[in-house]
Amino acid sequence: MKSSKTSFRDGLDSDLSDAEFSTLAIRGGHHRTAEGEHSEAIFPTSSFVFNNAAEAAARFGGEEDGNIYSRFTNPTVRIFEERIAALEGADRAVATSTGMAAILSLGVGLLSNGDHIVCSCSVFGSTVSLFDKYFSKMGITTTFVDPGDLEAWQQAVTKNTKLFFLETPSNPLAEIADIKAVSDVAHKNGCWLAVDNCFCTPALQQPLTLGADFVVHSATKFLDGQGRCMGGAVVGPEKEMEEVFGFLRTGGASMSPFNAWVFIKGLETLELRLMAQSERAMALANWLEQKEGIDKVFYAGLESHPQHLLAAKQQKAFGAVLAFEVKGGQQQAWNFINATRVVSITGNLGDVKTTITHPATTTHGRLSLEEREKAGINDNLIRLSVGLESLDDLKNDLARGLNTL
Ligand SMILES: *Cc1c(COP(=O)(O)O)cnc(C)c1O
């Protein structure tokens, strides 16, 4: 059957000019093909054909828009990019093969030899290694600062500083950085602020509306939400994103069309998942805080959290990740973890399956004892990324752990 040439409402799914978050999460970026597919199509093709040689030349020469090769652009990946840009309120997004590829592309796209980064010391471990070990080889240096100390951000600025970088809430201790206040310091010094929004996602926190210039994501976590695929994204202003895209299409850390399709599906339920997971995390944090064998619970939703009010101001809910210290040391933490029967013992987070982790011997195991102590990652600390199982089943499972203490 020949496909009809009908254009579906000019190729756009619907009029989204006034649409709110929930609508954009479900419909944003979907340009239907002439087949009229209701759901987004996967385009598993490495390259695209041209009607004639002149068209090929115009595409390659950049005089005509359109697909050439899936390392550059792909229609399924573009839906994901347009949707995540709409959800973060950005001009443009670029999709990447992993979250780390997003941070790499941002850095290489924006910075040159001699430039300097000021970075929160409470960021993802691989981000620290990327900046400290690899960017430094290219002459891009980094100073790490306490994210809550505005004076420290200012003090760290040199005449070569171009980029501020932070992550909030932090992993695993849920420290909150004030995005608005840090962006003011960045802009006063003529620098950009990039925020790793992995833990909140735009469903709970929109850094660009608080003054940030760029957002990076590990789509691997909550954007997928069901632990199936690796991916990432950078969003920001058009002019700078063109540089980020330029590096990505050349460097090659592009997102696969299949993964983009999984993430598009993930975004449809993002807000519902994050709200429901936050609700369970809040209930578990309150419940754990009352328990005998628990020394301390780290969750910004608790009134006992020192930045509870700041979190309440800049986030719509407190997120799915919490951490707690059991009475005792590493053995007691391991006993607790080993006694569980429902939750998964794994290093990942952001899944509808609840995951339990011992940071000191896994995600933060490469740090020296001194570095771990400085970061507050004690041997008795356990991280929980709360999923969507029944709250009662989760409590019963954690009670198995509590019984070992
Ligand atoms: C997982 C993670 C990353 C890296 O993402 P990958 O998809 O694993 O490359 C970056 N930042 C944060 C906060 C993360 O949790």
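Counting starts at 1 for both ligands and their atoms, in listed order. Every value quoted in this text rests on a predicted model; they were computed, and no experiment measured them.
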* Structure fact -> Counting from 1 in the order shown, the ligand 1 atoms closer than 4.0 Å to a non-hydrogen atom of E167 are 13 (C)

* To do: Output the list of atoms in ligand 1 that are nearer than 4.0 Å to some heavy atom of G231, sorted by atom number.
  => 7 (O)

* Identity and distance of the protein heavy atom lying nearest atom 9 (O) of ligand 1 -> M100 N, 2.8 Å

* Give the residue and atom name of whichever protein heavy atom lies nearest to atom 4 (C) of ligand 1, and the separation in Å to one decimal. => F124 CE2, 3.4 Å

* Any side-chain heavy-atom pair from L322 and L288 closer than 4.5 angstrom? -> yes

* Among V216, D196, L223, whose heavy atom sits nearest atom 11 (N) of ligand 1? -> D196

* V343 and side-chain contact (heavy atoms from CB on, under 4.5 Å): which partner among D393, L394, T357, V386? -> L394

* Asked: What protein heavy atom sits nearest atom 7 (O) of ligand 1, and how far away is it?
  -> T220 OG1, 2.6 Å

* Geometric class of the F263/F80 ring pair [parallel <30°, tilted 30-60°, perpendicular >60°] -> tilted

* To do: Please confirm whether G99 comes within less than 3.5 Å of ligand 1 when only nitrogen or oxygen atoms on both sides are compared.
  => yes

* Among all residues two or more places apart in sequence or in another chain, which pass the ring pair (Phe, Tyr, Trp, His ring centres under 6.0 Å) test with Y299? -> none

* Asked: With respect to C191, which candidate in V185, D213, T161 satisfies the side-chain contact (heavy atoms from CB on, under 4.5 Å) definition?
  -> T161

* Under the ring pair (Phe, Tyr, Trp, His ring centres under 6.0 Å) rule, collect the residues that match up with F50, sequence neighbours excluded. => none

* Asked: Considering only protein heavy atoms, which is closest to atom 8 (O) of ligand 1, and at what distance to one decimal place?
  -> M230 CE, 3.9 Å

* Asked: Can you list the atoms of ligand 1 that are under 4.0 Å from a heavy atom of F199?
  -> 13 (C), 15 (O)

* Which residue and heavy atom of the protein sit nearest atom 14 (C) of ligand 1, plus the separation -> K221 NZ, 2.9 Å

* Taking the side chain as every heavy atom from C-beta outward, state whether F222 and V321 have any atom pair closer than 4.5 Å. => yes

* Asked: When you measure from atom 5 (O) of ligand 1 to every protein heavy atom, which one gives the shortest distance, and what is it?
  -> S218 OG, 2.9 Å

* To do: Tell me, with the steps shown, if R83 and E40 meet salt bridge (charged side-chain N to carboxylate O under 4.0 Å, His left out).
  => CA-CA 12 Å; R83 193 167 292 181; E40 300 81 355; 2.8 Å; yes

